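Take a look at the structure set out below.
When a residue number appears, it is its place in the shown sequence, counting from 1. Just so it is clear, the model here is predicted, and its values are computed rather than measured.
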Amino acid sequence: MQRIEVTTKPNGAGRNWLEVGYFETDALDRKQWIKKNVPHQDAKLTVDRQYSARGETIDWILLIPENYPFTLVKVTYDRLNPRELEVLWAPDGAPQPETSREDKIKRALELASDNEELTALLKELF
C-alpha cells in the first residue's frame, strides 16, 4: 500500500478538494477528467481526515492498495484559475495529464540552453 499525505482547504478563495476518477481522451484528442467518487466514500481506500483547529483546512492520510484502478487528484478552484488538477497518485500505465505551462516553458529553455539566439527568442515569446 502506498501512503499519501495532503492538506486541502475546502472553503474560501483558493479552495481545493480531492477527487477519484480517471482521464479520458475525447474525439477531439483532449484529455477530460471523469470523476468517479470522493476518497472518503470509496470503500477500497483507507482514509483518515483531521480538521484544523479552526476548521479551515483538512489534513488527509490516504492508504492506496496496490491494484487500485483509479487516479487521485487534488482539484484547486479560484476565480483566476477556474479549475486546476494536480495528480497525487495514478495507477501504473494510466495516462498522465499534460504538464503545466510553466513546466513546458522550463523544459524548452533547458533544451535551448546551448543556443543563445534560441534562448533569447524563447524569452521574448514567453
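Under a hydrophobic clustering in which Ile, Leu, Val, Met, Phe, Trp and Tyr are joined whenever their side-chain heavy atoms come within less than 4.5 Å, directly or via other members, L85 and W17 fall into the same cluster. Criterion: ILVMFWY side-chain heavy atoms under 4.5 Å apart, direct or through other members. Under it, L88 and V47 are part of a common hydrophobic cluster. Side-chain heavy atoms closer than 4.5 Å link hydrophobic residues (I, L, V, M, F, W, Y) into clusters, and following such links, even through other members, never connects I61 to V38. Hydrophobic clustering (ILVMFWY, side-chain heavy atoms < 4.5 Å, transitive): V20 and L18 are in one cluster. Cluster membership check: L63 does not share its hydrophobic cluster with V73, using side-chain heavy-atom separations under 4.5 Å among Ile, Leu, Val, Met, Phe, Trp and Tyr.
Closest heavy-atom contact between K36 and F70: CG-CE2, 3.7 Å. Shown here for L122 and A108, the closest heavy-atom pair between the two residues is CD1-O, 3.7 Å. For the pair P91 and P69, the tightest heavy-atom approach, listed with the atom from each and the gap, is CG-O, 3.5 Å. Minimum interatomic distance between E56 and P10 (heavy atoms only, all atoms of both residues): O-CD, 3.4 Å. Between P39 and L72, the shortest heavy-atom distance links the atoms CG-CD1, 3.8 Å.
In this structure, L62 and W89 have side chains that are not in contact, with every pair of non-hydrogen atoms separated by 4.5 Å or more. Counting heavy atoms from C-beta outward, L45 and P65 have side chains that approach closer than 4.5 Å. Here the side chains of S52 and I58 are not in contact, with every heavy-atom distance at 4.5 Å or above. For the pair E19 and W33, the minimum side-chain heavy-atom distance is below 4.5 Å.
Distance check: R83 CZ to T76 OG1 gives 11.0 Å after rounding to the nearest 0.5 Å. Between atom CG of residue D42 and atom NE2 of residue H40 there is a gap of 10.5 Å, rounded to the nearest 0.5 Å. Annotation: the span from M1 atom CE to E66 atom CD amounts to 8.0 Å, rounded to 0.5 Å. Going from atom CD1 of I64 over to atom CD1 of I4 covers 3.5 Å, rounded to the nearest 0.5 Å. The structure places CG of D48 at 10.0 Å from CD of E5, a figure rounded to the nearest 0.5 Å.
Within the 3.5 Å criterion, the main-chain N or O of A112 finds a donor-acceptor partner in the side chain of T119. Checked by atom type and distance alone, the side chain of T57 never pairs as donor or acceptor with a backbone atom of T7 at under 3.5 Å.
Around atom CD of E117, no more than 12 heavy atoms belonging to other residues, nucleotides or ligands sit under 6.0 Å away. Within a 6.0 Å radius of CD in E110, more than 12 heavy atoms belonging to other residues, nucleotides or ligands are found.
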